[in-house]
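First the structure, in the form of structure tokens, and then the observations on it.
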Amino acid sequence: MALTGLTRTPYFPVLTALFPQDNNSVLLLSALLYWCSRFRNSSFNERTHIGQFAVHLNLSIEQIKHSLNEIKKLNIIDEKRELIETKKDPNDGNQNSNKIKENILLNINYKKLSELLKSHNIDLSAKVLKHSADDSFDFFATIGDYALPLEQKLIGCAKDKIFTDVAFTLAKLLVYIANFEDDFAFKALAPGWRMLIQPPATYQDIASRWLGEDDRAIDIEFSDGTFFLPDGDKYGAQEHLCLQRGKKEEPQILAAAFLLTAQESSQYQLRFISDLSPALLEKAINLVNRALTIKPKLLDIYYRELM
């Protein structure tokens with residue numbers, strides 16, 4: 001059952017361009033955009049969520065279904081179907097009465113929505129739409145590309161021995177830039193980290209701070225942005241994010257190199273995604289290659305998520 005009370009409903013007036021005479025559909029699309037962008041992989045389940053939306057939006061179930069069909073006609077919704085079996089409690093008698101239910105999972109396709117809005121002379125990038133529910137911008141009247149940070153992240157978990165391998169390989173990358181690219185390190189790393197990696201520090205020295213018995217986590221502070229990656233055996237987080245708001249190239253290149261190195265040394269348990277420009281990404285790949293003789297790959301997930 002949906003909770004009742006004063007509903008704080010997201011409403012994006014720009015979407016009225018798609019439904020100039022249908023406010024219910026604008027309201028529902030606003031709620032869907034907020035819902036899908038709130039968390040990664042937070043799908044709208046037609047079977048279980050239509051009633052919940054009806055309560056919160058003060059509309060009937062029939063009105064929600066009608067508006068949902070109108071939204072689907074815009075071809076901006078990705079749909080996935082899955083079958084689940086609900087098992088009957090053996091204590092209730094007949095055990096052969098298990099039911100098969102179908103979940104229809106809906107997600108906003110941000111690229112298609114962006115293209116549709118552009119056809120109505122509204123220029124909103126897919127990246128901006130993906131931040132619709134980002135509470136970092138609660139004090140902004142509008143959200144535009146100008147306000148968004150550069151995002152670089154890893155998806156997945158590194159556990160136990162693989163996490164240890166990642167830590168040692170990342171430490172080797174830092175030792176390389178400290179010894180052979182010190183001017184780059186000066187511009188790319190926060191002052192404290194520049195001191196930590198200075199010779200005669202070895203990669204074992206650096207990795208040891210990440211491999212404590214009770215605190216296995218990789219942390220680093222760039223001159224713009226920070227990154228934190230815990231051992232997946234202790235923490236189940238699936239997304240590890242580095243946000244960078246400045247304009248300097250060096251910390252962006254090093255962050256990309258750092259995350260690409262983690263991907264390659266994790267046996268692809270970690271997968272790299274980035275907004276970084278192709279030119280700077282190539283510099284990051286070349287840095288990893290010089291330091292470790294590894295040529296990082298851009299996996300399918302990178303191209304799928306590319307905005």
Side-chain angles (χ1 to χ4, degrees), residues 37 39-41 110-111 125-131 134 136-137 143-158 163 166-167 169-174 176-177 181 184-185 187-190 193-194 197 210 217-230 232 235 237-292 294-307:
S37 61
F39 301 106
R40 184 178 178 84
N41 300 325
Y110 302 105
K111 292 182 181 178
S125 69
K127 184 178 178 182
V128 168
L129 293 170
K130 199 170 184 180
H131 280 270
D134 191 336
S136 302
F137 303 100
I143 306 173
D145 286 299
Y146 62 87
L148 300 181
L150 172 73
E151 286 189 14
Q152 306 201 73
K153 58 188 171 184
L154 293 173
I155 302 298
C157 280
F163 178 83
V166 170
T169 310
L170 289 173
K172 290 176 182 178
L173 173 67
L174 294 179
Y176 170 83
I177 67 168
E181 304 201 20
F184 174 79
K187 295 175 181 177
L189 282 168
W193 268 96
R194 292 201 302 270
I197 67 172
W210 297 330
I218 295 166
D219 67 298
I220 189 168
E221 185 175 357
F222 307 107
S223 58
D224 174 20
T226 60
F227 183 70
F228 181 77
L229 176 68
Y235 306 94
Q238 290 289 321
E239 185 169 301
H240 318 281
L241 185 62
C242 177
L243 298 178
Q244 297 175 302
R245 301 180 184 276
K247 301 300 181 184
K248 293 182 179 178
E249 294 182 357
E250 290 84 2
Q252 297 173 0
I253 293 169
L254 181 56
F258 201 79
L259 272 60
L260 282 165
T261 298
Q263 171 188 272
E264 296 301 311
S265 56
S266 72
Q267 301 177 26
Y268 301 111
Q269 298 300 305
L270 298 166
R271 289 150 295 155
F272 172 76
I273 299 172
S274 176
D275 293 336
L276 195 61
S277 69
L280 295 185
L281 192 54
E282 184 178 4
K283 290 183 178 182
I285 291 171
N286 290 337
L287 172 59
V288 177
N289 195 24
R290 289 196 305 274
L292 304 168
I294 296 171
K295 190 77 170 179
K297 301 175 184 176
L298 297 177
L299 305 179
D300 287 345
I301 189 172
Y302 168 83
Y303 294 102
R304 286 201 307 270
E305 295 282 332
L306 194 61
M307 291 298 175

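Residues take their numbers from the sequence shown, with the count starting at 1. All values reported here derive from a predicted model rather than from experimental measurement.
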With sequence neighbours excluded, residues passing side-chain hydrogen bond (donor to acceptor under 3.5 Å, both in side chains) with Gln263: none
For Glu249, what residues pass the side-chain hydrogen bond (donor to acceptor under 3.5 Å, both in side chains) criterion, not counting sequence neighbours? none
Leu281 versus Ala256, closest heavy-atom pair with distance: CD1-CB, 4.2 Å
Could you tell me which residues satisfy salt bridge (Lys or Arg N to Asp or Glu O under 4.0 Å) with Glu250, sequence neighbours excluded, listed by chain and number? none
Can you sort out the partners of Glu181 under side-chain hydrogen bond (donor to acceptor under 3.5 Å, both in side chains), two or more places apart, ordered by chain and number? Tyr176, Arg290
Out of Gln252, Glu305, Lys153, Gln152, which one pairs with Ser274 under the side chain to side chain donor-acceptor pair (under 3.5 Å) rule? Gln152
Is the closest side-chain heavy-atom distance between Leu260 and Leu287 below 4.5 Å? no
Is there side-chain contact between Pro230 and His240, with at least one heavy-atom pair below 4.5 Å? yes
Identify, with sequence neighbours excluded, every residue that meets side-chain hydrogen bond (donor to acceptor under 3.5 Å, both in side chains) alongside Tyr302. none
Roughly how far, to the nearest 0.5 Å, is CZ of Phe258 from CD1 of Ile253? 16.0 Å
Does Lys130 reach the side chain of Glu151, with side-chain heavy atoms less than 4.5 Å apart? no
Side chain to side chain contact (heavy atoms under 4.5 Å, CB included) between Leu189 and Ile177, intermediate numbers included: CA-CA 10 Å; Leu189 282 168; Ile177 67 168; 4.0 Å; yes
Can you measure from CG (Leu280) to CG (Leu254) and round to the nearest 0.5 angstrom? 12.5 Å
Which of Ile301, Leu298, Leu299 passes side-chain contact (heavy atoms from CB on, under 4.5 Å) with Phe272? Answer is Leu298
Please report the interatomic distance CD(Gln244) to CG(Asp224), rounded to the nearest 0.5 Å. 5.0 Å
Do you know which two heavy atoms are closest between Phe227 and Leu241, and how far apart they sit? CD1-O, 4.0 Å
Please round to the nearest 0.5 Å and tell me the distance separating atom OG of Ser277 and atom CG of Leu150. 8.5 Å
Give the minimum heavy-atom separation between Ser265 and Thr169, together with the two atoms involved. CB-OG1, 3.6 Å
To check you understand the geometry: which heavy-atom pair defines the closest contact between Cys157 and Gln269, and what is its length? O-CB, 3.2 Å
According to salt bridge (Lys or Arg N to Asp or Glu O under 4.0 Å), who are the partners of Lys187, at least two apart in sequence or on a separate chain? Asp183
If you look at every heavy atom in Leu173 and Ala291, which pair is closest and at what distance? CD1-CB, 3.7 Å
Begin with the C-alpha distance, continue with both residues' side-chain angles, and end with the deciding distance and a verdict on side chain to side chain contact (heavy atoms under 4.5 Å, CB included) for Leu174 and Ile220. CA-CA 10 Å; Leu174 294 179; Ile220 189 168; 3.8 Å; yes
Do Leu148 and Val128 have side chains that approach each other closer than 4.5 Å (heavy atoms only, starting at C-beta)? yes
Where Ala262 and Leu170 come nearest, the two heavy atoms and their spacing: N-CD2, 3.9 Å
For Pro296, run the side-chain contact (heavy atoms from CB on, under 4.5 Å) check against Asn286, Ile285, Leu259 and tell me which one passes. Ile285
Pairwise distance NZ(Lys297) to CZ(Arg271) - rounded to 0.5 angstrom: 14.5 Å
Distance in Å, Leu154 CG paired with Ile273 CD1, rounded so as to fall on 0.5 Å steps: 8.5 Å
